[in-house]
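As structure tokens, the structure follows; a few thoughts come after it.
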Amino acid sequence: MEELKSLLQAKISGVDLDIDILANNNLYEFNELNELFQTIELYRFEVIANYDVPEIYFNKKIARIYNEIRHLSIPPIITTISNSENYYWAHPVFEIIALPYGEENNLLNLPDLYHEIGHLICKQYPDIVKAKFSPALQQYFNAEIDRSYDEKTHEHYVPFLQNKHKRWEEYWIEEFTCDMIATYLCGPAFAWANMKMSALSNGSNAIFVDSPSHPSDEARMRAVFLMLNKIGFNYECDEIKSSWEQFLNHTNNPKHPDYKYIFPEALLEALTDIVYDYCKGIDLATYNEQIEAHQNPVSKIVNDAWQTLFDNPNEFEKLQAEMIAQIRASL
């Protein structure tokens with residue numbers, strides 16, 4: 001804030017504001033400073049002002065999780081300034097993870113915390129996955145573009161494929177990577193949590209719809225299944241995949257005719273191998289390794305919560321409260 005104050009004071013004390021031809025430049029600089037102020041207000045002031053009992057609990061818990069997953073970095077600040085619409089999100093630059101208010105009473109969403117941890121890991125070790133994966137991605141899209149010229153469909157497919165390739169490079173590689181890291185760290189629970197979130201997309205018939213920042217829910221589920229198999233949970237993967245396929249059949253979401261060109265299985269398989277090696281290379285502990293080292297890590301408690309929901313739904317609220325109390329007692 002002192003730095004921002006100095007910048008504003010220098011601007012006010014200068015002569016630029018009195019020169020008409022510099023009006024556009026002054027307005028541009030004002031907008032930049034205003035954006036900086038809003039960023040500080042949201043990611044610093046609001047986080048500090050909101051710091052209360054839930055934040056104390058979550059910040060102790062994230063420290064425990066970082067120890068269990070063998071991540072040696074300083075844990076991020078956890079804040080409950082988010083809401084149900086924005087759900088969980090991370091800001092790697094400010095090293096915060098935001099959760100909706102009341103999440104301290106919920107275990108079923110907690111696997112998504114591991115996804116957000118993935119974004120911080122990607123910031124700490126930037127471009128490693130992308131550098132290894134981008135050549136295969138480039139080769140795939142170049143081949144599809146060449147084929148469109150051969151088949152005289154290039155007027156439609158070249159801009160379509162270039163747009164999807166750009167989205168892969170800018171955002172989707174990291175989003176898939178974070179889903180895979182979360183699966184690597186949290187096992188089957190992340191697949192169930194991701195499926196729950198995908199069910200919310202069904203309300204707008206959006207299971208097969210991508211956005212500039214996120215791949216489609218259907219493609220993300222396939223990526224999770226690939227990593228789940230990679231870390232040895234074949235039986236659990238088959239079980240969850242069966243439920244997912246039933247969900248897809250019953251909801252019958254519309255699929256774009258060109259959908260098959262956006263997220264081919266071969267690309268997801270190649271990315272899975274790269275992300276797995278990446279996690280091993282930075283010595284992150286798999287879900288099973290966490291259990292071996294800590295007996296009852298947070299990731300296992302979360303998996304137990306999901307299993308309890310299926311086995312004993314009528315008693316779930318009471319049993320979940322007991323599990324949360326168990327976590328609190330350990331912090």
Side-chain angles (χ1 to χ4, degrees), residues 1 38-124 178-179 181-182 185-187 189-190 192-197 199-200 287 290 294 296-309 313 315-331:
M1 288 297 291
Q38 291 178 336
T39 299
I40 293 171
E41 182 180 39
L42 175 60
Y43 299 124
R44 283 291 184 257
F45 175 76
E46 195 170 338
V47 170
I48 294 170
N50 194 68
Y51 200 89
D52 207 338
V53 174
E55 279 71 22
I56 294 172
Y57 164 66
F58 274 119
N59 283 291
K60 289 180 178 179
K61 183 155 70 173
I62 193 72
R64 175 179 167 179
I65 289 172
Y66 263 48
N67 178 59
E68 291 168 350
I69 67 176
R70 290 201 303 260
H71 192 36
L72 302 180
S73 295
I74 297 173
I77 297 296
I78 308 295
T79 177
T80 57
I81 63 172
S82 188
N83 52 50
S84 58
E85 182 179 351
N86 292 327
Y87 195 51
Y88 285 47
W89 52 265
H91 198 301
V93 173
F94 287 93
E95 296 186 338
I96 65 170
I97 294 176
L99 318 177
Y101 178 80
E103 278 299 292
E104 68 274 16
N105 301 313
N106 190 338
L107 286 177
L108 298 182
N109 292 338
L110 201 58
D112 288 304
L113 179 61
Y114 291 81
H115 172 97
E116 303 307 333
I117 290 171
H119 283 293
L120 300 178
I121 291 172
C122 287
K123 174 183 175 287
Q124 185 180 2
C178 292
D179 283 343
I181 289 174
L185 296 174
C186 205
F190 183 74
W192 285 118
N194 202 51
M195 182 173 169
K196 177 178 74 72
M197 289 303 298
L200 299 178
Y287 173 52
Q290 293 168 54
H294 302 279
N296 200 32
V298 173
S299 55
K300 183 178 185 301
I301 296 172
V302 171
N303 275 274
D304 290 345
W306 272 97
Q307 194 58 51
T308 299
L309 176 67
E315 294 292 316
F316 175 72
E317 187 174 353
K318 177 176 76 71
L319 296 173
Q320 177 182 237
E322 292 173 1
M323 292 178 184
I324 293 171
Q326 178 186 2
I327 295 175
R328 288 184 183 275
S330 74
L331 302 176

Inter-residue atom distance Asn194.CG - Asp179.CG, 0.5 Å rounding: 5.5 Å

Rounded distance (nearest 0.5 Å) linking atom OH of Tyr101 with atom CG of Asn83: 14.0 Å

Contact list for residues 68-84, test salt bridge (charged side-chain N to carboxylate O under 4.0 Å, His left out), sequence neighbours left out: Arg64-Glu68, Arg70-Asp283, Arg70-Glu289

Residue pairs passing the salt bridge (charged side-chain N to carboxylate O under 4.0 Å, His left out) test where at least one lies in residues 99-121, sequence neighbours excluded: none

Glu322: partners by salt bridge (charged side-chain N to carboxylate O under 4.0 Å, His left out), with sequence neighbours left out: Lys318

Verdict with reasoning, Trp306 to Leu107, per side chain to side chain contact (heavy atoms under 4.5 Å, CB included): CA-CA 8 Å; Trp306 272 97; Leu107 286 177; over 6 Å; no

Beyond-backbone contact of Ile62 with Pro76, side-chain heavy atoms, under 4.5 angstrom: yes

Heavy-atom side-chain contact between Ile81 and Leu99 under 4.5 Å: no

Donor-acceptor contact present, side-chain Gln320 to main-chain Asn106, <3.5 Å: no

Heavy-atom pair of closest approach, residues Phe316 and Ala305: CE1-O, 3.2 Å

Glu55 side chain to Thr80 side chain, donor-acceptor N/O pair below 3.5 angstrom: yes

Heavy-atom check, side chain of Glu46 versus side chain of Thr79, under 4.5 Å: no

Side-chain heavy-atom pair His119, Trp89 within 4.5 angstrom cut-off: no

Distance, nearest 0.5 Å, that separates CE of Met323 from NZ of Lys300: 8.5 Å

Cys186 side, atom SG; Ile65 side, atom CD1 - distance, nearest 0.5 Å: 8.0 Å

Check: Gln290 side chain, Leu185 main-chain N or O, donor-acceptor pair, under 3.5 Å: yes

Candidate pair Asn296 and Asp304, rule side chain to side chain contact (heavy atoms under 4.5 Å, CB included), full reasoning: CA-CA 10 Å; Asn296 200 32; Asp304 290 345; 4.2 Å; yes

Shortest non-hydrogen contact from Val302 toward Ala189: CG1-CB, 3.8 Å

Side-chain heavy atoms of Tyr114 within contact of Val298, under 4.5 Å: yes

Residue pair Pro75 / Ala63: nearest heavy atoms and the distance that separates them: CG-CA, 4.0 Å

Any Phe190 side-chain heavy atom under 4.5 Å of Ser299 side chain: no

Interatomic distance, Lys61 atom NZ to Ser330 atom OG [nearest 0.5 angstrom]: 9.5 Å

CD1 on Ile77 to CG on Asn59, rounded to 0.5 Å: 5.0 Å

Worked verdict on Lys196 versus Asn109 for side chain to side chain contact (heavy atoms under 4.5 Å, CB included): CA-CA 9 Å; Lys196 177 178 74 72; Asn109 292 338; 2.7 Å; yes

From CA spacing to verdict: side chain to side chain contact (heavy atoms under 4.5 Å, CB included), Arg328, Tyr57: CA-CA 7 Å; Arg328 288 184 183 275; Tyr57 164 66; 3.5 Å; yes

Ile69 vs Ile117 side-chain heavy atoms within contact, under 4.5 Å: yes

pair Pro92-Cys122: side-chain heavy atoms closer than 4.5 Å: no

Mutual orientation of the aromatic rings belonging to Tyr66 and His71 [parallel < 30°, tilted 30-60°, perpendicular > 60°]: tilted

